[in-house]
Amino acid sequence: MSAADLAPQELRVLVAVADERGFSRAAVRLGATQSAVSHAVRGIEQKLGAVLFERGRFGARPTPAGERAAAHARRVLRMLEAMAADVRGADTGEVAGPLRIAAFRSAALHLVPAALERLAALHPGVEVTVTVVRELGPGTAGEVAAGRADLGIATFGDTSALPAGLIGGVLLQEPYSLVHPAGHPAPRSLPLVDWAENCGSYTRDWWAAQDWIPAATVTAEDDGAVLAMVGSGLGMAIMPALSLAGAPPAVEVTDLGPGRPHRSIGYATTAELAATTAVRALIRILRSLGQGTPERTKAQLRAV
């Protein structure tokens, strides 16, 4: 027997054990017995020729091979769902079924809602789930690679930085600006407030060349907390436009000039999911929002 002999139910067992980090918890989730789950995992490991889980008092921890197998299993199971939805809509043209989106915080607040509003108007049968993911480590693209999301709204310098097996495209580029307490006479003299997701590789060279930017003395959890701290007079910040949509009146936004850095916001998915009707529909909408008609989104970006 080989991997080609794996049945969908075995893939569900593999995903459940990986997600739950234990046979007993996976059994509860699946409505099965622990011995049945354990037996199924041994059979899967035999077919794949690899140890997928470390067993111990801690439960069942996926090995690197197990993590990769679980990601493949999630994606295969998702494609089976997508196949059913696409087949049902082949004659009617209806776009329906689940659609899982992973987005970083400011995109989830200021970009995704406009896209979902349009998607719901065009295709009310699509059932959307949005997960907010920090753009640290694997980030939103990592959620797609792991099979936990169908499409990620990601930040990157270019699409070549995407994990292997993913495809994507740039939707819009947003400039960075100086943000400081409104009316402050010398904002560049203030301490820097920052957050971990800010200033990726796409701005690092620019950032290093600015001798007026001090090391951050205040680090916040996210961009919303940064804005609140700047508004309270605790310092200045350098932030991308999407983070500044709806900025409070207590802060002032100053253009950094023609050499200011930008970051790209784009989408990441797999080639297989990009061919499904729901993901394809969302990508079309996101592209239209990024390239021209998004007067809502672009107005927000122009405002800062």
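None of the values given here were measured: they were computed from a predicted structure. When a residue number appears, it is its place in the shown sequence, counting from 1.
- Listed by first and then second residue, the salt bridge (Lys or Arg N to Asp or Glu O under 4.0 Å) pairs involving residues 6-15 are Glu10-Lys47 (not counting sequence neighbours).
- The distance from atom CG of Leu109 to atom CG of Leu242, rounded to the nearest 0.5 Å, is 8.5 Å.
- A side-chain donor-acceptor contact under 3.5 Å links Glu252 to the backbone of Gly183.
- Residues passing the side chain to side chain donor-acceptor pair (under 3.5 Å) test with Ser106: none are found, sequence neighbours excluded.
- Partners of Pro124 according to the side-chain contact (heavy atoms from CB on, under 4.5 Å) rule, which considers only residues two or more places apart in sequence or in another chain, do not exist here.
- Side-chain atoms of Arg61 do not come within 3.5 Å of backbone N or O of Gly59 as any donor-acceptor pair.
- Scored by the side chain to side chain donor-acceptor pair (under 3.5 Å) test, Arg263 finds Glu174 as partners (sequence neighbours excluded).
- A distance of 13.0 Å separates CE of Met83 from OG1 of Thr276, quoted to the nearest 0.5 Å.
- In this structure the side chain of Ile44 reaches within 4.5 angstrom of the side chain of Leu6, judged on heavy atoms.
- With hydrogens and angles ignored, the 3.5 Å screen pairs a side-chain donor or acceptor of Ser232 with a backbone N or O of Ala228.
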Worksheet item: Should Val130 and Leu116 be marked as a side chain to side chain contact (heavy atoms under 4.5 Å, CB included) after you check the CA-CA gap, both sets of side-chain angles, and the distance that decides it?
Response: CA-CA 10 Å; Val130 179; Leu116 296 188; 3.8 Å; yes
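- Screening residues 211-220 for salt bridge (Lys or Arg N to Asp or Glu O under 4.0 Å), with sequence neighbours left out, gives no hits.
- In this structure, CE in Met239 is found 10.0 Å from OG in Ser177, a value given to the nearest 0.5 Å.
- Of all the heavy atoms in Ala268 and Ala141, the pair that sits closest is CB-CB, 4.1 Å.
- Shown here are the side-chain contact (heavy atoms from CB on, under 4.5 Å) partners of Ala50, two or more places apart in sequence or in another chain: Leu52, Ala65.
- The side-chain contact (heavy atoms from CB on, under 4.5 Å) test applied to Pro138 returns no partner, not counting sequence neighbours.
- Using a 4.5 Å heavy-atom threshold, the side chains of Phe104 and Val132 count as separate.
- Counting only heavy atoms from C-beta outward, the side chains of Leu151 and Leu286 approach each other to under 4.5 Å.
- No side-chain heavy atom of Phe58 sits under 4.5 Å from any side-chain heavy atom of Arg21.
- The backbone N or O of Ala275 lies less than 3.5 Å from a partner atom in the side chain of Arg280, making a donor-acceptor pair.
- Side-chain atoms of Arg78 never come within 3.5 Å of backbone atoms of Gly147 as a donor-acceptor pair (strictly under, hydrogens ignored).
- Between Leu289 and Leu171, every side-chain heavy-atom pair lies at or beyond the 4.5 Å cut-off.
- Applying the side chain to side chain donor-acceptor pair (under 3.5 Å) test to Arg188 and every residue at least two apart in sequence or in another chain returns nothing.
- To the nearest 0.5 Å, atom CG of residue Leu244 and atom CG of residue Leu227 are 6.0 Å apart.
- The distance from the CG atom of Asp150 to the CD atom of Glu143 is 11.5 Å, given to the nearest 0.5 Å.
- Atom NE2 of His123 and atom CG of Leu99 lie 11.0 Å apart (nearest 0.5 Å).
- With hydrogens and angles left out, the side-chain atoms of Gln34 and Ser24 include no donor and acceptor closer than 3.5 Å.
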Item to complete: Show your working on side chain to side chain contact (heavy atoms under 4.5 Å, CB included) between Leu178 and Val253 and close with a plain yes or no.
Response: CA-CA 6 Å; Leu178 173 65; Val253 179; over 6 Å; no
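- For the salt bridge (Lys or Arg N to Asp or Glu O under 4.0 Å) test, no residue two or more places apart in sequence or in another chain qualifies with Arg42.
- Taken together through direct or relayed side-chain contacts under 4.5 Å among Ile, Leu, Val, Met, Phe, Trp and Tyr, Ile283 and Ile167 form parts of separate hydrophobic clusters.
- The two residues Val251 and Ala247 make their nearest non-hydrogen contact at CG2-CB, 3.8 Å.
- Applying the side chain to side chain donor-acceptor pair (under 3.5 Å) criterion to Thr129, with sequence neighbours excluded, gives no partner residue.
- The hydrophobic clustering, which links ILVMFWY residues whose side-chain heavy atoms are closer than 4.5 Å, places Leu122 and Val126 together.
- The cluster map of Ile, Leu, Val, Met, Phe, Trp and Tyr, joined by side-chain heavy atoms under 4.5 Å apart, puts Leu136 and Val193 in different clusters.
- Sorted by first and then second residue, the salt bridge (Lys or Arg N to Asp or Glu O under 4.0 Å) pairs involving residues 212-231 (not counting sequence neighbours) are Arg105-Asp222, Arg105-Asp223, Arg134-Glu221.
- Side-chain contact between Leu77 and Glu81 is absent, with no heavy atoms from C-beta onward closer than 4.5 Å.
- Under the 4.5 Å side-chain heavy-atom criterion for Ile, Leu, Val, Met, Phe, Trp and Tyr, Leu11 and Val51 are members of distinct hydrophobic clusters.
- Shortest non-hydrogen contact noted between Leu192 and Pro214 is CD2-O, 3.3 Å.
- Between the side chains of Glu135 and Thr140, at least one donor N or O sits under 3.5 Å from an acceptor N or O.
- Within the structure, the salt bridge (Lys or Arg N to Asp or Glu O under 4.0 Å) test picks out the following pairs touching residues 24-38 (sequence neighbours left out): Asp19-Arg29, Glu20-Arg29.
- Scanning both residues, Ala70 and Ala18, for their nearest heavy atoms gives CB-CB, 3.7 Å.
- Between the side chain of Asp194 and the main chain of Thr219, no donor-acceptor pair closer than 3.5 Å is present.
- For the pair Tyr267 and Leu162, the minimum side-chain heavy-atom distance is 4.5 Å or more.
- The only option from Leu282, Thr131, Val279 that meets the side chain to side chain contact (heavy atoms under 4.5 Å, CB included) definition with Ile101 turns out to be Leu282.
- Taking every heavy atom of both residues into account, Ala26 and Val37 meet most closely at CB-CG1, 4.3 Å.
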Fill in: CA sep, side-chain torsions, deciding dist, call: Met236, Val230, side chain to side chain contact (heavy atoms under 4.5 Å, CB included)
CA-CA 6 Å; Met236 65 169 178; Val230 171; 5.8 Å; no
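- Contact between Pro240 and Trp195 at its shortest, heavy atoms only, is CD-CH2, 3.8 Å.
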Worksheet item: Where do Leu111 and Ile153 land on the side chain to side chain contact (heavy atoms under 4.5 Å, CB included) test, with the steps shown first?
Response: CA-CA 9 Å; Leu111 179 62; Ile153 307 296; 4.2 Å; yes
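- Counting heavy atoms from C-beta on, the side chains of Val179 and Ile238 never come closer than 4.5 Å.
- The pair Glu67-Arg74 does not meet the salt-bridge criterion, since no charged nitrogen lies less than 4.0 angstrom from a carboxylate oxygen.
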